[in-house]
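Since we're looking at a predicted model, the values are computed, not measured. As a basis for the values below, the full set of heavy atoms in this structure was taken, side chains included, without hydrogen atoms, waters or symmetry mates. Sequential numbering from 1 along the given sequence is applied to the chain's residues.
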Amino acid sequence: MRNTRNSNEMRHPLQRFLVLGAVCLAALVMPLSFTGPAVAMPAIAKALGGSPIALNWITNAFMLAFGSCLMAAGALADSYGRKRLFIVGVAAFALSSLALAWAPDILWLDLLRALQGVAGAAAFSGGVATLAQEFDGHARTRAFSLLGTTFGVGLAFGPVLAGALVESFGWRSVFLGVAALAALALAAGLRCIRESRDPGASGLDWPGAISFTAALSLFTYGVLRIPESGWNSLPTLLLLGSSLLLLGAFAVIEKRVRRPMLDLSLLRYPRFVGVQFLAAAPAYSYVVLLVLLPMRFIGIEGCSAMQAGQMMMALSAPMLALPFIAGVLTRWISAGVICGAGLLICAAGLLWLAQVAPGQARPSLLLPMLTIGFGISLPWGLMDGLAVSVVPKERAGMATGIFSTTRVAGEGVALAIVAAILAALVQARLHGLLASAPPRMAEAAQRLAMGDMPQALQLLPQASQALLVQSYGDAFHILLYILAGITLLSAAMVFGFLSQPHVPAAGRIDALNTDEAEAA
């Protein structure tokens, strides 16, 4: 099928609105699939058991599969049709969510979460690339801002909904609810979306896709092993070293194929690089808190799942309106300035939250959490629009894939890294407070970092609950300072790179690539 601008302009505005509604409905299930299992994790651990690594994979399997498949999904959307990939992805997402509701053990749960992530990547890439074709200019900015607001709805109400479902019907109902919403998105997409593709696309770069996915998987698994095995253990070093080798192989492959998933020549242009820094920034300033805070509230501070979900609304409630408002503000203020300012506000909120120790009055948590949510909401609705603005329109699928891969894969890696840092900080604090180090100190620190207080007390019978809470609180305090520092650095990068000139047009990039090939 042809994909022309004129055909888009002739389309009735109501039809475009229905397309936007279908994509937003599909996008709504993504944050629900992320925040819901985080709230349900204590109930899942109680029902199915599992080691700390296996329980971490409930979140990481989804994020890793989602992030590592986005670039491949973007290329498939351009080659084989955006509607086709969207429909296949949403259908597979609904089916995998149904299967998760009947997972018999932790291994099946982790495997099905990975399958759900692959399906989510297909649905997201096909849907976002469709929006890039349906809308232009300010209309596109507003459409992506509404998409960001939809994510905000899922993030704001996902923990509350998950908490209510867990308390009323059990943790399996969380996945049944996601399956129902995905089925609605499937019906809407079948009816409203029309097919489009990139006429110049040449299929999927399979060697690049395989090497990238393998590199990301090995790196994440290696990081997850660090709290248990240490930085210097041979398996950990082999995993991390192999991931670096595969990443190098991926870079070599992408330079040699004719239509790579990642056009490495774009890395020469500051605005493109700035967008990638912007994509990774929310992982450390916001996303990791969506997992860590429910575990803290439930496991350390003794809240119910419903209470934890209600408290999490303070973090995500600004997402309900601010992404759309930020899109409107781009008429007077550059997107780069808005995004950088939002990250600065986020860093201030993280520093504020660091001052609130476990056990303090719950209202004292709300204002710093609102500050973080306010800050991250400003760039949240602008990021996807910026991503597709730095490449030619015909490569929208590639741009979506690169940006979303940086964002989601970065979130998966950030979760693994931050979990390892928190466990290491807890272990160091326990060493300082206990007279002697028991043999299972590392496992106890991991359990405590995940909010599993009963298991940590069982592993450390000589420690009181008050001492464990103090150790956790001190470690969490230091971790928030680290996250604030990373967020400040990200803001500086965004201010610097997004103030640079735009990426050249497709013809100039193609000419540059041709000149380089002839010179070689």
Just by distance, do the side chain of Arg113 and the backbone of Ile58 share a donor-acceptor pair under 3.5 Å? yes
Straight-line distance of Phe495 CZ to Ser490 OG, nearest 0.5 Å: 12.0 Å
So, do Ser285 and Ile486 sit near enough that their side-chain heavy atoms are less than 4.5 Å apart? no
Just do the side chain to side chain contact (heavy atoms under 4.5 Å, CB included) check on Leu245 and Phe250 with the steps written out, would you? CA-CA 9 Å; Leu245 289 175; Phe250 171 72; over 6 Å; no
Going by heavy atoms in the side chains, are Leu111 and Leu107 under 4.5 Å from each other? yes
Out of curiosity, Leu459 CG to Asp452 CG, how far, rounded to the nearest 0.5 Å? 8.5 Å
Between Leu112 and Gln116, is there a side-chain heavy-atom distance shorter than 4.5 Å? no
Classify the angle between the aromatic ring planes of Phe62 and Phe93 as parallel (below 30°), tilted (30 to 60°) or perpendicular (above 60°). perpendicular
Closest approach of Ala54 to Asp110 (non-hydrogen atoms, all atoms of both residues): O-OD2, 3.0 Å
Atom SG in Cys346, atom CG in Leu483: separation rounded to 0.5 Å? 10.5 Å
Please give me the minimum heavy-atom distance between Val29 and Ala182, naming the atom from each residue. CG1-N, 3.8 Å
Polar contact flag, side-chain donor to acceptor under 3.5 angstrom, Tyr286-Ser316: yes
So, does Asn60 use its side chain to make a donor-acceptor pair with the main chain of Asn56 at under 3.5 Å? yes
Over all atoms of both residues, closest heavy-atom pair of Ala38 and Leu290: CB-O, 3.8 Å
Without swapping roles, check the side chain of Ser173 against the backbone of Gly170 for a donor-acceptor pair under 3.5 Å. yes
Hey, does Leu350 have a side-chain heavy atom less than 4.5 Å from the side chain of Tyr481? no
Could you walk me through whether Leu378 and Leu343 pass the side chain to side chain contact (heavy atoms under 4.5 Å, CB included) test, one step at a time? CA-CA 8 Å; Leu378 294 178; Leu343 292 177; over 6 Å; no
Flag side-chain contact, heavy atom, 4.5 Å: Val90 against Phe124: no
Looking at CD of Gln455 and CD of Glu443, how far apart are the two atoms once the value is rounded to the nearest 0.5 Å? 6.5 Å
For a quick test of reading the model, state the closest non-hydrogen atom pair linking Ala308 to Ile298 and the distance between them. CB-CG1, 3.7 Å
Taken to the nearest 0.5 Å, the spacing of Tyr284 OH from Glu411 CD works out to 10.5 Å
Please test Val426 against Leu422 for side chain to side chain contact (heavy atoms under 4.5 Å, CB included), starting from the C-alpha separation and ending with a verdict. CA-CA 6 Å; Val426 169; Leu422 181 58; 4.2 Å; yes
Closest heavy-atom pair and its distance - Val19, Thr130: CG1-CG2, 3.8 Å
Out of curiosity, Leu181 CG to Leu186 CG, how far, rounded to the nearest 0.5 Å? 12.5 Å
Please examine the side chains of Leu479 and Leu292, heavy atoms only from C-beta on, and report whether any two atoms are closer than 4.5 Å. yes
Considering all heavy atoms, the nearest Ala40-Trp171 contact: CB-CB, 4.0 Å
Report yes or no: does Gln427 contribute a side-chain atom to a donor-acceptor pair with the main-chain N or O of Met441 at less than 3.5 Å? no
Check whether any side-chain heavy atom of Ser211 sits under 4.5 Å from a side-chain heavy atom of Ile253, and report yes or no. yes
So Leu315 and Ile376, side chain to side chain contact (heavy atoms under 4.5 Å, CB included) or not? Walk me through it. CA-CA 10 Å; Leu315 190 67; Ile376 203 62; over 6 Å; no
Going by heavy atoms in the side chains, are Leu55 and Arg447 under 4.5 Å from each other? yes
For a quick check under 3.5 Å, do Ser233 and Thr236 share a side-chain donor-acceptor pair by atom type? yes
Donor-acceptor contact present, side-chain Glu195 to main-chain Lys83, <3.5 Å: yes
Less than 6.0 angstrom from the centroid, inside 45 degrees of the normal: does Arg296 satisfy that with respect to the ring of Phe476? yes
